Amino acid sequence: MKAVYFAWVRERIGHGDEEIAPPDSVSDVAGLMTWLIARGEQYAHAFENPKVIRVAIDQTHVKHDAKIAGAREIAFFPPMTGG
Amino acid sequence: MKAVYFAWVRERIGHGDEEIAPPDSVSDVAGLMTWLIARGEQYAHAFENPKVIRVAIDQTHVKHDAKIAGAREIAFFPPMTGG
Amino acid sequence: MATVRVQAEDFDPVAEAGALTLGRTDVGAVVTFTGLCRDEGGLLDTLELEHYPGMAERELERIVAQAEERWSVQGIVVIHRYGAIKPGERIVMVAVSSLHRGEAFCAAEFLMDYLKTQAPFWKRQKLADGTSGGWVEGKEADDEAAEKWKRA
Amino acid sequence: MATVRVQAEDFDPVAEAGALTLGRTDVGAVVTFTGLCRDEGGLLDTLELEHYPGMAERELERIVAQAEERWSVQGIVVIHRYGAIKPGERIVMVAVSSLHRGEAFCAAEFLMDYLKTQAPFWKRQKLADGTSGGWVEGKEADDEAAEKWKRA
(Lines give C-alpha, C1' and ligand atoms only; values in the text may rest on other atoms or scores of the structure.)
Protein backbone atom coordinates (compact mmCIF):
# COMPACT_ATOMS: atom_id res chain seq x y z
CA MET A 1 0.00 0.00 0.00
CA LYS A 2 0.97 3.60 -0.45
CA ALA A 3 1.61 5.84 2.56
CA VAL A 4 1.33 9.59 2.08
CA TYR A 5 2.35 12.34 4.49
CA PHE A 6 1.41 16.00 4.72
CA ALA A 7 2.56 19.19 6.44
CA TRP A 8 4.91 18.63 9.37
CA VAL A 9 4.40 14.88 9.27
CA ARG A 10 5.82 14.97 5.74
CA GLU A 11 8.63 17.31 6.77
CA ARG A 12 9.68 15.18 9.73
CA ILE A 13 9.64 11.94 7.73
CA GLY A 14 11.52 13.60 4.91
CA HIS A 15 9.36 12.56 1.95
CA GLY A 16 5.74 12.83 0.87
CA ASP A 17 4.91 9.27 -0.10
CA GLU A 18 6.28 5.77 -0.21
CA GLU A 19 5.25 2.18 -0.75
CA ILE A 20 5.00 0.25 2.51
CA ALA A 21 4.41 -3.46 3.15
CA PRO A 22 3.53 -3.99 6.81
CA PRO A 23 3.23 -7.62 8.00
CA ASP A 24 -0.22 -9.14 8.45
CA SER A 25 0.12 -8.75 12.21
CA VAL A 26 -0.32 -4.98 11.69
CA SER A 27 -4.09 -4.76 11.42
CA ASP A 28 -5.19 -1.24 12.28
CA VAL A 29 -4.07 2.38 11.94
CA ALA A 30 -2.64 2.56 15.47
CA GLY A 31 -0.62 -0.61 14.83
CA LEU A 32 0.63 0.81 11.53
CA MET A 33 1.88 3.95 13.29
CA THR A 34 3.74 1.81 15.83
CA TRP A 35 5.23 -0.21 12.97
CA LEU A 36 6.30 2.99 11.16
CA ILE A 37 7.89 4.41 14.32
CA ALA A 38 10.18 1.34 14.39
CA ARG A 39 11.46 2.26 10.92
CA GLY A 40 13.64 5.08 12.21
CA GLU A 41 14.14 8.30 14.05
CA GLN A 42 12.37 10.52 11.53
CA TYR A 43 9.22 8.37 11.89
CA ALA A 44 9.53 8.38 15.67
CA HIS A 45 9.67 12.17 15.51
CA ALA A 46 6.66 12.44 13.17
CA PHE A 47 4.56 10.10 15.32
CA GLU A 48 5.90 11.11 18.75
CA ASN A 49 2.41 12.22 19.78
CA PRO A 50 0.24 9.73 17.88
CA LYS A 51 -3.05 11.03 19.21
CA VAL A 52 -2.75 14.33 17.33
CA ILE A 53 -2.16 12.54 14.02
CA ARG A 54 -5.13 12.43 11.64
CA VAL A 55 -5.45 9.53 9.24
CA ALA A 56 -7.31 8.95 6.01
CA ILE A 57 -7.71 5.62 4.23
CA ASP A 58 -8.32 5.98 0.50
CA GLN A 59 -9.05 9.67 1.02
CA THR A 60 -11.65 9.23 3.74
CA HIS A 61 -11.05 10.26 7.37
CA VAL A 62 -10.75 7.29 9.73
CA LYS A 63 -10.08 6.76 13.44
CA HIS A 64 -7.00 5.06 14.80
CA ASP A 65 -8.85 1.80 15.36
CA ALA A 66 -9.78 1.51 11.68
CA LYS A 67 -8.64 -1.71 9.98
CA ILE A 68 -6.11 -1.28 7.20
CA ALA A 69 -6.81 -4.45 5.26
CA GLY A 70 -7.54 -3.64 1.61
CA ALA A 71 -6.36 -0.04 1.85
CA ARG A 72 -4.63 1.30 -1.25
CA GLU A 73 -3.56 4.67 0.21
CA ILE A 74 -3.09 5.65 3.84
CA ALA A 75 -2.48 9.32 4.64
CA PHE A 76 -1.03 10.75 7.85
CA PHE A 77 -1.26 14.45 8.65
CA PRO A 78 -1.67 17.01 11.45
CA PRO A 79 -5.03 18.60 12.34
CA MET A 80 -6.21 20.60 9.35
CA THR A 81 -5.90 24.36 9.21
CA GLY A 82 -7.58 25.37 5.98
CA GLY A 83 -10.31 27.92 5.51
CA MET B 1 -48.07 67.77 16.43
CA LYS B 2 -47.78 65.94 13.16
CA ALA B 3 -49.27 62.47 12.75
CA VAL B 4 -47.87 60.26 9.97
CA TYR B 5 -49.24 56.98 8.69
CA PHE B 6 -47.69 54.19 6.65
CA ALA B 7 -48.73 51.13 4.65
CA TRP B 8 -52.29 49.93 5.31
CA VAL B 9 -52.72 52.36 8.21
CA ARG B 10 -52.15 55.17 5.67
CA GLU B 11 -54.46 53.55 3.12
CA ARG B 12 -57.28 53.06 5.57
CA ILE B 13 -57.04 56.61 6.93
CA GLY B 14 -56.82 57.98 3.42
CA HIS B 15 -53.80 60.26 3.78
CA GLY B 16 -50.18 60.02 4.83
CA ASP B 17 -49.88 62.84 7.33
CA GLU B 18 -51.81 65.58 9.09
CA GLU B 19 -51.53 68.08 11.91
CA ILE B 20 -53.41 66.97 15.00
CA ALA B 21 -54.13 68.79 18.27
CA PRO B 22 -55.34 66.34 20.88
CA PRO B 23 -56.54 67.80 24.20
CA ASP B 24 -54.24 67.67 27.24
CA SER B 25 -56.31 64.79 28.64
CA VAL B 26 -54.76 62.59 25.93
CA SER B 27 -51.44 61.76 27.51
CA ASP B 28 -50.10 58.58 25.96
CA VAL B 29 -49.98 56.70 22.67
CA ALA B 30 -52.89 54.40 23.59
CA GLY B 31 -55.00 57.42 24.51
CA LEU B 32 -54.09 59.12 21.25
CA MET B 33 -55.24 56.10 19.25
CA THR B 34 -58.57 56.11 21.11
CA TRP B 35 -58.90 59.84 20.38
CA LEU B 36 -58.11 59.28 16.70
CA ILE B 37 -60.67 56.44 16.44
CA ALA B 38 -63.36 58.94 17.52
CA ARG B 39 -62.52 61.11 14.51
CA GLY B 40 -64.26 58.86 12.04
CA GLU B 41 -64.81 55.51 10.43
CA GLN B 42 -61.58 55.47 8.48
CA TYR B 43 -59.60 55.89 11.74
CA ALA B 44 -61.74 53.24 13.44
CA HIS B 45 -60.86 50.89 10.60
CA ALA B 46 -57.13 51.70 10.75
CA PHE B 47 -56.98 51.20 14.53
CA GLU B 48 -59.57 48.38 14.83
CA ASN B 49 -56.88 46.12 16.28
CA PRO B 50 -54.73 48.62 18.22
CA LYS B 51 -52.31 46.05 19.59
CA VAL B 52 -50.86 45.28 16.13
CA ILE B 53 -50.15 48.98 15.49
CA ARG B 54 -46.50 50.04 15.86
CA VAL B 55 -45.76 53.60 16.92
CA ALA B 56 -42.74 55.87 16.65
CA ILE B 57 -42.35 59.24 18.35
CA ASP B 58 -39.90 61.54 16.57
CA GLN B 59 -38.67 58.56 14.54
CA THR B 60 -37.94 56.29 17.51
CA HIS B 61 -39.97 53.16 18.25
CA VAL B 62 -42.12 53.49 21.39
CA LYS B 63 -44.62 51.35 23.27
CA HIS B 64 -48.29 52.20 23.60
CA ASP B 65 -47.82 53.51 27.14
CA ALA B 66 -45.29 56.14 25.99
CA LYS B 67 -46.18 59.73 26.89
CA ILE B 68 -46.82 62.00 23.93
CA ALA B 69 -46.06 65.36 25.59
CA GLY B 70 -43.45 67.26 23.57
CA ALA B 71 -43.68 64.98 20.54
CA ARG B 72 -43.27 66.70 17.20
CA GLU B 73 -44.05 63.69 14.98
CA ILE B 74 -45.99 60.57 15.85
CA ALA B 75 -46.03 57.74 13.33
CA PHE B 76 -48.47 54.83 13.16
CA PHE B 77 -47.79 51.78 11.04
CA PRO B 78 -48.21 47.99 10.79
CA PRO B 79 -45.47 45.53 11.76
CA MET B 80 -42.52 46.06 9.46
CA THR B 81 -41.81 43.74 6.55
CA GLY B 82 -38.56 45.01 5.07
CA GLY B 83 -35.45 43.02 4.38
CA MET C 1 -16.41 52.17 9.38
CA ALA C 2 -20.07 51.84 8.54
CA THR C 3 -22.10 52.67 5.45
CA VAL C 4 -25.89 52.89 5.66
CA ARG C 5 -27.95 53.80 2.63
CA VAL C 6 -31.65 53.82 1.79
CA GLN C 7 -32.21 54.29 -1.91
CA ALA C 8 -34.54 53.57 -4.82
CA GLU C 9 -31.73 52.56 -7.18
CA ASP C 10 -30.18 49.14 -7.44
CA PHE C 11 -26.76 48.63 -5.87
CA ASP C 12 -23.67 46.59 -6.69
CA PRO C 13 -23.02 44.16 -3.82
CA VAL C 14 -19.56 43.43 -5.17
CA ALA C 15 -18.38 47.01 -5.19
CA GLU C 16 -20.06 47.70 -1.85
CA ALA C 17 -18.52 44.69 -0.10
CA GLY C 18 -15.26 45.28 -1.94
CA ALA C 19 -14.92 48.63 -0.20
CA LEU C 20 -14.52 46.72 3.09
CA THR C 21 -11.26 45.12 1.96
CA LEU C 22 -9.93 47.61 -0.61
CA GLY C 23 -6.27 48.33 0.05
CA ARG C 24 -6.37 46.48 3.39
CA THR C 25 -4.37 43.47 4.54
CA ASP C 26 -5.84 43.16 8.04
CA VAL C 27 -9.26 41.72 7.16
CA GLY C 28 -9.74 38.00 7.74
CA ALA C 29 -13.40 37.46 6.93
CA VAL C 30 -16.17 39.07 4.92
CA VAL C 31 -19.76 37.85 5.15
CA THR C 32 -22.37 39.26 2.81
CA PHE C 33 -26.11 38.79 2.67
CA THR C 34 -28.17 39.77 -0.34
CA GLY C 35 -31.97 39.64 -0.20
CA LEU C 36 -33.70 39.28 -3.54
CA CYS C 37 -37.24 39.63 -4.81
CA ARG C 38 -38.74 36.20 -5.52
CA ASP C 39 -41.37 35.79 -8.23
CA GLU C 40 -43.43 33.48 -5.99
CA GLY C 41 -43.76 30.87 -8.71
CA GLY C 42 -44.61 33.48 -11.35
CA LEU C 43 -47.44 35.06 -9.34
CA LEU C 44 -45.57 38.27 -8.53
CA ASP C 45 -45.22 41.18 -10.94
CA THR C 46 -43.72 43.83 -8.65
CA LEU C 47 -42.87 44.31 -5.02
CA GLU C 48 -43.67 47.83 -3.85
CA LEU C 49 -41.57 48.87 -0.90
CA GLU C 50 -42.84 51.76 1.19
CA HIS C 51 -40.53 53.27 3.79
CA TYR C 52 -40.50 55.98 6.44
CA PRO C 53 -37.97 58.48 5.08
CA GLY C 54 -35.60 59.67 7.76
CA MET C 55 -36.54 57.04 10.31
CA ALA C 56 -35.49 54.22 7.96
CA GLU C 57 -31.92 55.57 7.85
CA ARG C 58 -31.88 56.34 11.57
CA GLU C 59 -33.17 52.91 12.52
CA LEU C 60 -30.63 51.14 10.29
CA GLU C 61 -27.88 53.26 11.87
CA ARG C 62 -29.10 52.29 15.33
CA ILE C 63 -29.06 48.61 14.38
CA VAL C 64 -25.54 48.97 12.97
CA ALA C 65 -24.41 50.69 16.19
CA GLN C 66 -25.82 47.79 18.21
CA ALA C 67 -23.93 45.28 16.07
CA GLU C 68 -20.70 47.27 16.42
CA GLU C 69 -21.13 47.37 20.18
CA ARG C 70 -21.80 43.66 20.38
CA TRP C 71 -19.17 42.21 18.06
CA SER C 72 -15.65 43.19 17.15
CA VAL C 73 -16.13 44.02 13.48
CA GLN C 74 -13.99 46.05 11.11
CA GLY C 75 -16.64 47.38 8.76
CA ILE C 76 -20.37 47.19 8.02
CA VAL C 77 -22.40 48.04 4.94
CA VAL C 78 -26.20 48.09 4.97
CA ILE C 79 -28.17 49.12 1.90
CA HIS C 80 -31.96 48.89 1.60
CA ARG C 81 -34.00 49.83 -1.44
CA TYR C 82 -37.51 51.23 -1.60
CA GLY C 83 -39.97 51.71 -4.44
CA ALA C 84 -40.87 49.25 -7.19
CA ILE C 85 -38.75 46.11 -7.31
CA LYS C 86 -39.08 43.34 -9.90
CA PRO C 87 -38.53 39.58 -9.37
CA GLY C 88 -34.84 38.73 -9.46
CA GLU C 89 -33.81 42.22 -8.34
CA ARG C 90 -31.93 42.93 -5.13
CA ILE C 91 -33.84 44.43 -2.17
CA VAL C 92 -31.28 44.60 0.61
CA MET C 93 -27.68 43.79 1.39
CA VAL C 94 -25.54 43.66 4.47
CA ALA C 95 -21.80 43.06 4.48
CA VAL C 96 -19.58 42.69 7.54
CA SER C 97 -15.80 42.40 7.72
CA SER C 98 -13.85 41.21 10.75
CA LEU C 99 -10.64 39.50 11.80
CA HIS C 100 -12.32 36.13 12.34
CA ARG C 101 -15.34 34.51 10.74
CA GLY C 102 -17.51 34.06 13.83
CA GLU C 103 -18.02 37.77 14.40
CA ALA C 104 -18.81 38.50 10.76
CA PHE C 105 -21.40 35.70 10.56
CA CYS C 106 -23.07 36.68 13.83
CA ALA C 107 -23.17 40.39 13.08
CA ALA C 108 -24.54 39.87 9.56
CA GLU C 109 -27.30 37.59 10.78
CA PHE C 110 -28.11 39.94 13.66
CA LEU C 111 -28.30 42.90 11.28
CA MET C 112 -30.76 41.07 9.03
CA ASP C 113 -32.89 39.78 11.91
CA TYR C 114 -33.14 43.22 13.48
CA LEU C 115 -33.59 45.04 10.21
CA LYS C 116 -36.55 42.78 9.35
CA THR C 117 -38.44 43.65 12.51
CA GLN C 118 -37.16 47.14 13.36
CA ALA C 119 -36.52 49.08 10.18
CA PRO C 120 -39.63 50.92 8.89
CA PHE C 121 -40.18 49.28 5.50
CA TRP C 122 -43.39 47.67 4.26
CA LYS C 123 -43.86 45.42 1.26
CA ARG C 124 -46.92 45.33 -0.96
CA GLN C 125 -47.33 42.82 -3.77
CA LYS C 126 -48.58 43.62 -7.24
CA LEU C 127 -49.51 40.37 -8.87
CA ALA C 128 -48.88 39.21 -12.43
CA ASP C 129 -52.63 39.05 -13.08
CA GLY C 130 -52.85 42.81 -12.48
CA THR C 131 -54.45 42.62 -9.04
CA SER C 132 -52.94 43.73 -5.76
CA GLY C 133 -51.67 40.91 -3.63
CA GLY C 134 -52.01 43.19 -0.62
CA TRP C 135 -49.52 44.06 2.08
CA VAL C 136 -47.07 41.38 3.12
CA GLU C 137 -47.76 40.36 6.71
CA GLY C 138 -45.05 40.38 9.35
CA LYS C 139 -43.89 36.84 10.10
CA GLU C 140 -43.76 35.44 13.60
CA ALA C 141 -40.58 33.63 12.53
CA ASP C 142 -38.96 37.02 12.01
CA ASP C 143 -39.92 38.19 15.49
CA GLU C 144 -38.52 34.98 16.94
CA ALA C 145 -35.31 35.41 14.96
CA ALA C 146 -34.87 38.89 16.43
CA GLU C 147 -35.81 37.72 19.94
CA LYS C 148 -33.11 35.06 20.03
CA TRP C 149 -30.40 37.76 20.11
CA LYS C 150 -31.81 39.02 23.42
CA ARG C 151 -31.44 35.63 25.03
CA ALA C 152 -28.01 35.01 23.50
CA MET D 1 -26.50 22.85 -7.97
CA ALA D 2 -23.13 22.80 -6.33
CA THR D 3 -19.71 23.97 -7.44
CA VAL D 4 -16.59 22.77 -5.63
CA ARG D 5 -13.16 23.84 -6.76
CA VAL D 6 -9.65 23.54 -5.36
CA GLN D 7 -7.23 25.73 -7.25
CA ALA D 8 -4.00 27.73 -7.02
CA GLU D 9 -5.43 30.73 -8.88
CA ASP D 10 -7.39 33.54 -7.31
CA PHE D 11 -11.15 33.58 -7.87
CA ASP D 12 -13.80 36.24 -8.37
CA PRO D 13 -16.33 35.97 -5.54
CA VAL D 14 -18.75 38.21 -7.41
CA ALA D 15 -18.86 36.14 -10.55
CA GLU D 16 -18.97 32.91 -8.53
CA ALA D 17 -21.82 34.03 -6.29
CA GLY D 18 -23.50 35.73 -9.24
CA ALA D 19 -23.86 32.36 -10.94
CA LEU D 20 -26.27 31.37 -8.14
CA THR D 21 -28.81 34.00 -9.18
CA LEU D 22 -28.06 34.49 -12.89
CA GLY D 23 -31.29 34.41 -14.88
CA ARG D 24 -33.28 33.21 -11.86
CA THR D 25 -36.24 34.86 -10.14
CA ASP D 26 -36.83 32.23 -7.45
CA VAL D 27 -33.87 33.00 -5.16
CA GLY D 28 -34.62 34.93 -1.98
CA ALA D 29 -31.30 35.01 -0.19
CA VAL D 30 -27.60 34.72 -0.94
CA VAL D 31 -25.00 34.51 1.81
CA THR D 32 -21.33 34.63 0.93
CA PHE D 33 -18.25 34.16 3.05
CA THR D 34 -14.80 35.16 1.89
CA GLY D 35 -11.74 34.25 3.93
CA LEU D 36 -8.72 36.46 3.40
CA CYS D 37 -5.05 36.27 4.27
CA ARG D 38 -4.26 38.68 7.13
CA ASP D 39 -0.83 40.26 7.37
CA GLU D 40 -0.73 39.71 11.15
CA GLY D 41 0.30 43.27 11.82
CA GLY D 42 2.93 43.24 9.08
CA LEU D 43 4.65 40.07 10.36
CA LEU D 44 3.46 37.83 7.55
CA ASP D 45 5.03 37.71 4.11
CA THR D 46 3.27 34.68 2.59
CA LEU D 47 0.87 31.98 3.63
CA GLU D 48 1.77 28.63 2.10
CA LEU D 49 -1.20 26.35 1.76
CA GLU D 50 -0.50 22.64 1.36
CA HIS D 51 -3.35 20.35 0.42
CA TYR D 52 -4.07 16.70 -0.23
CA PRO D 53 -4.93 16.62 -3.94
CA GLY D 54 -7.97 14.51 -4.63
CA MET D 55 -9.05 14.17 -1.03
CA ALA D 56 -9.42 17.98 -0.70
CA GLU D 57 -12.03 18.03 -3.48
CA ARG D 58 -13.74 14.87 -2.23
CA GLU D 59 -13.94 16.13 1.34
CA LEU D 60 -15.37 19.50 0.24
CA GLU D 61 -17.94 17.64 -1.84
CA ARG D 62 -18.86 15.51 1.16
CA ILE D 63 -19.30 18.64 3.31
CA VAL D 64 -21.46 20.25 0.61
CA ALA D 65 -23.60 17.09 0.41
CA GLN D 66 -24.09 17.22 4.17
CA ALA D 67 -25.21 20.86 3.98
CA GLU D 68 -27.61 20.05 1.14
CA GLU D 69 -29.07 17.21 3.15
CA ARG D 70 -29.50 19.35 6.22
CA TRP D 71 -30.90 22.59 4.80
CA SER D 72 -33.15 23.42 1.91
CA VAL D 73 -30.73 25.37 -0.26
CA GLN D 74 -30.85 26.22 -3.95
CA GLY D 75 -27.15 26.41 -4.74
CA ILE D 76 -23.73 26.16 -3.13
CA VAL D 77 -20.30 27.32 -4.25
CA VAL D 78 -17.12 26.36 -2.39
CA ILE D 79 -13.71 27.40 -3.67
CA HIS D 80 -10.45 26.86 -1.77
CA ARG D 81 -7.02 27.93 -2.94
CA TYR D 82 -3.68 26.25 -2.30
CA GLY D 83 -0.11 27.39 -2.82
CA ALA D 84 1.43 30.75 -1.96
CA ILE D 85 -1.01 33.41 -0.82
CA LYS D 86 -0.10 37.00 0.03
CA PRO D 87 -1.71 39.24 2.70
CA GLY D 88 -4.94 40.76 1.41
CA GLU D 89 -5.55 37.90 -1.02
CA ARG D 90 -8.53 35.59 -0.88
CA ILE D 91 -8.07 32.05 0.47
CA VAL D 92 -11.54 30.56 0.45
CA MET D 93 -15.13 31.38 -0.36
CA VAL D 94 -18.48 29.80 0.19
CA ALA D 95 -21.74 31.08 -1.22
CA VAL D 96 -25.20 29.67 -0.55
CA SER D 97 -28.52 30.61 -2.13
CA SER D 98 -31.94 29.71 -0.74
CA LEU D 99 -35.55 30.83 -0.60
CA HIS D 100 -35.19 32.29 2.90
CA ARG D 101 -32.27 33.78 4.75
CA GLY D 102 -32.10 31.37 7.70
CA GLU D 103 -31.08 28.38 5.59
CA ALA D 104 -28.44 30.32 3.66
CA PHE D 105 -26.84 31.70 6.84
CA CYS D 106 -26.82 28.32 8.60
CA ALA D 107 -25.52 26.38 5.61
CA ALA D 108 -22.74 28.92 4.92
CA GLU D 109 -21.56 28.89 8.53
CA PHE D 110 -21.77 25.09 8.67
CA LEU D 111 -19.73 24.79 5.48
CA MET D 112 -16.99 27.03 6.89
CA ASP D 113 -16.95 25.32 10.29
CA TYR D 114 -16.71 21.86 8.73
CA LEU D 115 -14.28 22.90 6.04
CA LYS D 116 -11.91 24.29 8.69
CA THR D 117 -11.70 21.01 10.57
CA GLN D 118 -12.38 18.40 7.88
CA ALA D 119 -10.87 19.55 4.60
CA PRO D 120 -7.22 18.49 4.18
CA PHE D 121 -5.44 21.85 3.94
CA TRP D 122 -2.52 23.04 6.07
CA LYS D 123 -1.17 26.54 6.43
CA ARG D 124 2.48 27.45 6.92
CA GLN D 125 3.63 31.01 7.51
CA LYS D 126 6.58 32.63 5.83
CA LEU D 127 7.40 35.74 7.83
CA ALA D 128 8.35 39.18 6.58
CA ASP D 129 11.79 38.86 8.22
CA GLY D 130 12.56 35.90 5.94
CA THR D 131 12.15 33.18 8.57
CA SER D 132 9.52 30.47 8.66
CA GLY D 133 6.72 31.10 11.09
CA GLY D 134 6.05 27.39 11.13
CA TRP D 135 2.84 25.48 10.61
CA VAL D 136 -0.35 27.10 11.82
CA GLU D 137 -1.80 25.06 14.66
CA GLY D 138 -5.38 23.84 14.64
CA LYS D 139 -7.53 25.91 16.96
CA GLU D 140 -9.73 24.38 19.61
CA ALA D 141 -12.27 27.11 18.81
CA ASP D 142 -12.57 25.61 15.32
CA ASP D 143 -13.21 22.14 16.68
CA GLU D 144 -15.85 23.55 18.99
CA ALA D 145 -17.48 25.45 16.12
CA ALA D 146 -17.74 22.21 14.15
CA GLU D 147 -18.97 20.25 17.19
CA LYS D 148 -21.91 22.59 17.78
CA TRP D 149 -23.57 21.38 14.55
CA LYS D 150 -23.71 17.85 15.98
CA ARG D 151 -25.64 19.03 18.99
CA ALA D 152 -27.94 21.33 17.00
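Note that the structure is a prediction, hence the values are computed from the model and not measured. Letters A, B, ... are given to chains in the order of the sequence lines, protein chains preceding strands, and every chain is numbered from 1.
- The environment of CD in E89(D) is crowded: more than 12 heavy-atom neighbours from other residues, nucleotides or ligands sit within 6.0 Å.
- The candidate from A104(D), G28(D), P13(D) with the greatest count of non-hydrogen atom pairs under 4.5 Å with chain C is G28(D).
- Between chain D and the options P87(C), G102(C), G18(C), the largest number of non-hydrogen pairs under 4.5 Å is found for P87(C).
- In this structure, chain C has heavy atoms under 4.5 Å from both the backbone and the side chain of D113(D).
- Residues R101(C) and A145(D) share a closest heavy-atom pair of NH2-CB, 3.9 Å.
- Applying the ring-ring contact (aromatic ring centres under 6.0 Å, His included) definition to pairs two or more places apart or across chains, those involving residues 19-45 of chain D are F105(C)-F33(D).
- The candidate from R90(D), K116(D), M93(D) with the greatest count of non-hydrogen atom pairs under 4.5 Å with chain C is K116(D).
- Interface remark: T21(D) contributes side-chain atoms only to the contact with chain C (heavy atom separation under 4.5 Å).
- Side-chain atoms of R24(C) and R38(D), non-hydrogen and from C-beta on, never get closer than 4.5 Å to each other.
- Contact detail for L36(D) and V27(C): the closest heavy-atom pair is CB-O, 3.3 Å.
- For the pair V31(C) and V31(D), the minimum side-chain heavy-atom distance is below 4.5 Å.
- Using a 4.5 Å cut-off between heavy atoms, K86(C) does not touch chain D at all.
- When the candidates V92(C), T32(C), T34(C) are compared by the number of heavy-atom contacts under 4.5 Å with chain D, T32(C) comes out ahead.
- Both the backbone and the side chain of L99(C) come within contact range of chain D, with heavy atoms under 4.5 Å apart.
- When all heavy atoms of D39(C) and D26(D) are compared, the pair lying nearest together is OD1-CA, 4.3 Å.
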